[in-house]
Amino acid sequence: MKKSVFYHAGCPVCVTAEQEILSLMDNSNLEIVNLGEAKDRLAEAEKAGLKSVPALVTPTGNILHINFGAALSDLK
């Protein structure tokens, strides 16, 4: 089974969203990616269609942008 991927930048808005997502989802089906620390994953996030973080990409490829922490372009 493919996992959901939660992308964030490590900012307070993102960390709060991460805590909420973790409380709602089964962690075995979720990957957390901090793009502030894993800049090598920025291209992957862009390819998935992310415009901002925090965002959750579902196994079907749908993107759920949550609140607003930072534009993806700001992380480059």
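Predicted, not measured: the structure shown is a model, and the values here were computed from it.
Hydrophobic clustering places Leu35 together with Ile63 (ILVMFWY residues linked when any side-chain heavy atoms are closer than 4.5 Å, directly or through intermediates).
Val33 is listed as a side-chain neighbour of Val5, based on a closest heavy-atom distance under 4.5 Å. When side chains are defined from C-beta on, Ile66 counts as touching Ile21, because their heavy atoms get closer than 4.5 Å. Residues Tyr7 and Pro54 are not in side-chain contact: their nearest non-hydrogen atoms beyond the backbone lie 4.5 Å or more apart. A 4.5 Å side-chain heavy-atom check between Glu46 and Leu72 finds at least one atom pair inside the cut-off.
Here the OG1 atom belonging to Thr58 is positioned 14.0 Å from the CZ atom belonging to Phe6, to the nearest 0.5 angstrom. Taking CG of Leu64 as the reference point, atom OG of Ser4 lies at 8.5 Å (rounded to 0.5 Å). Taken to the nearest 0.5 Å, the CG atom of Leu42 stands 10.0 Å off from the OG atom of Ser73.
Under a 3.5 Å cut-off, the side chain of Lys2 and the backbone N or O of Gly61 do not form any donor-acceptor pair. Between the side chain of His8 and the backbone N or O of Val15 there is no donor-acceptor pair closer than 3.5 Å.
Annotation for Met25 and Leu56: closest pair SD-CD2, 4.0 Å, computed over non-hydrogen atoms. Here the shortest heavy-atom pairing between Ser52 and Ala55 reads O-CB, 3.6 Å. In terms of heavy atoms, His65 sits closest to Gly49 at CE1-O, 4.4 Å. Minimum heavy-atom separation, Val57 to Ala48: CG2-CB, 4.4 Å.
Within a 6.0 Å radius of NZ in Lys39, other residues, nucleotides and ligands contribute more than 12 heavy atoms.
Checking Glu18, Glu20, Gln19 one by one against Leu22, the side chain to side chain contact (heavy atoms under 4.5 Å, CB included) holds for a single residue, Glu18.
Not counting sequence neighbours, the partners of Asn62 by the side chain to side chain donor-acceptor pair (under 3.5 Å) test are Thr60. Among residues two or more places apart in sequence or in another chain, the side chain to side chain donor-acceptor pair (under 3.5 Å) test is passed with Ser28 by Asp26.
Electrostatic pairing of Arg41 and Glu44 counts as a salt bridge here, judged by a charged N lying under 4.0 Å from a carboxylate O.
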